[in-house]
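What follows is a single structure, written as structure tokens, with notes after it.
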Amino acid sequence: SAAEGRARADIVVAGSAEDEINGALDRLGQAGGGQLRLLGGRYELDGPVVLNAGGLALVGESVGNGVGYSAAAIGSQLVPSDAFPDGEFLVRTTPDAYGPMVSLLHLDGLDRAQGLLVEGPRPTVSLNVVTQAGGAGMRFAGPSTGVRPYDGFVLFNPLFDGSGMGILHDG
């Protein structure tokens with residue numbers, strides 16, 4: 001993030017970010033839910049970000065400008081570090097995460113990682129960009145997405161540059 005963003009942040013991350021992000025999500029989960037907002041910047045992950053409790057939201061600042069990403073227009077971007085497991089999802093929700101929300105993130109798999117895996121019931125996934133996903137850009141898995149069409153999730157997303165499948169709903 002730019003200096004003004006870092007000055008207003010509750011937590012400033014240097015290096016691999018998933019420990020701090022997951023720690024903050026765990027604290028919110030223990031408190032009964034809440035929103036974790038990622039300021040604009042590039043967050044390198046050694047492992048996935050996991051929403052594993054009810055009422056959690058992971059929200060970025062913006063998804064950047066789509067193509068030709070400049071440092072000033074990158075938004076909140078999650079990318080795999082060299083240590084990130086090949087083929088793992090950058091962000092995932094577990095079946096215990098009732099009503100998770102993932103919004104305004106740029107998930108760039110760099111052709112090694114997948115984008116977003118949603119297993120929690122009644123998710124809201126909006127305004128995310130997935131680029132260079134090395135598998136599924138977004139996967140909605142299991143029966144937890146509802147029993148009627150559009151009953152279990154809200155999805156509004158642009159997807160760009162995926163080398164695999166854009167959106168997979170295999171519930």
Side-chain angles (χ1 to χ4, degrees), residues 11 13 15-29 33-64 69 74-81 83-142 144-145 152-171:
I11 299 171
V13 175
S16 180
E18 79 284 348
D19 286 339
E20 289 84 359
I21 295 170
N22 285 331
L25 287 168
D26 287 344
R27 287 190 298 275
L28 286 171
Q35 182 183 99
L36 176 60
R37 185 171 180 94
L38 298 179
L39 299 177
R42 182 179 168 106
Y43 298 83
E44 289 192 8
L45 307 176
D46 286 343
V49 169
V50 181
L51 287 80
N52 59 6
L56 293 178
L58 180 63
V59 179
E61 196 161 85
S62 75
V63 293
Y69 304 101
I74 207 163
S76 301
Q77 183 186 52
L78 302 178
V79 299
S81 72
F84 194 89
D86 285 348
E88 176 66 73
F89 284 88
L90 290 167
V91 176
R92 60 186 172 90
T93 72
T94 68
D96 295 328
Y98 184 87
M101 183 172 100
V102 179
S103 182
L104 289 170
L105 295 176
H106 173 190
L107 306 174
D108 189 343
L110 300 179
D111 293 318
R112 290 181 293 134
Q114 299 186 65
L116 171 66
L117 170 60
V118 177
E119 295 180 293
R122 303 193 69 77
T124 299
V125 177
S126 63
L127 298 170
N128 296 292
V129 170
V130 178
T131 58
Q132 300 182 74
M138 294 186 186
R139 178 177 176 220
F140 293 84
S144 61
T145 54
F153 62 92
V154 176
L155 174 65
F156 177 60
N157 289 289
L159 291 159
F160 304 99
D161 301 336
S163 59
M165 189 174 306
I167 299 174
L168 171 62
H169 179 221
D170 62 356

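- Contact between E44 and S81 at its shortest, heavy atoms only, is OE1-CB, 4.1 Å.
- Between L105 and S76, some side-chain heavy-atom pair lies under the 4.5 Å cut-off.
- Distance alone, capped at 3.5 Å, is enough to place a donor-acceptor pair between the Q114 side chain and the G87 backbone.
- To the nearest 0.5 Å, atoms CG (L38) and NE2 (H106) are separated by 13.5 Å.
- Contact between A53 and G29 at its shortest, heavy atoms only, is CB-CA, 3.8 Å.
- Side-chain contact between L56 and P100: absent, with no pair of heavy atoms (C-beta onward) separated by less than 4.5 Å.
- Taking CZ from R139 and CG from L116, the interatomic distance works out to 11.5 Å, rounded to the nearest 0.5 Å.
- Of the inter-residue distances, the one linking S103 atom OG with R37 atom CZ reads 9.0 Å to the nearest 0.5 angstrom.
- Within the 4.5 Å cutoff, no side-chain heavy atoms of P48 are placed close to those of L90.
- The distance from the CG atom of L36 to the CG atom of L51 is 8.5 Å, given to the nearest 0.5 Å.
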Trace of the side chain to side chain contact (heavy atoms under 4.5 Å, CB included) decision for V125 with F140: CA-CA 10 Å; V125 177; F140 293 84; 3.9 Å; yes
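- In this structure the side chain of L107 never reaches within 4.5 angstrom of the side chain of T131, judged on heavy atoms.
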Evaluation steps, side chain to side chain contact (heavy atoms under 4.5 Å, CB included), between V118 and M138: CA-CA 8 Å; V118 177; M138 294 186 186; over 6 Å; no
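- Remark: Y98 OH to R122 CZ distance equals 5.0 Å, nearest 0.5 Å.
- Annotation for G47 and P85: closest pair CA-CD, 4.5 Å, computed over non-hydrogen atoms.
- Taken from CZ in F84 to CG in L45, the straight-line distance is 6.0 Å, to the nearest 0.5 Å.
- Of all heavy-atom pairs between A133 and G115, the closest is CB-N, 4.3 Å.
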Are M101 and Q35 close enough, and set up right, to give a side chain to side chain contact (heavy atoms under 4.5 Å, CB included), and what steps lead you there? CA-CA 9 Å; M101 183 172 100; Q35 182 183 99; 4.2 Å; yes
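- Side-chain contact between D96 and N52: absent, with no pair of heavy atoms (C-beta onward) separated by less than 4.5 Å.
- Using a 4.5 Å heavy-atom cutoff, the side chains of R42 and V79 are in contact.
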Check the pair V91, L58 against side chain to side chain contact (heavy atoms under 4.5 Å, CB included), reporting the backbone distance first and the verdict last. CA-CA 10 Å; V91 176; L58 180 63; 4.2 Å; yes
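- Looking at N128 and V102, their side chains come closer than 4.5 Å, going by heavy atoms from C-beta outward.
- You'll find the side chain of L25 stays beyond 4.5 Å of the side chain of V50, heavy atoms only.
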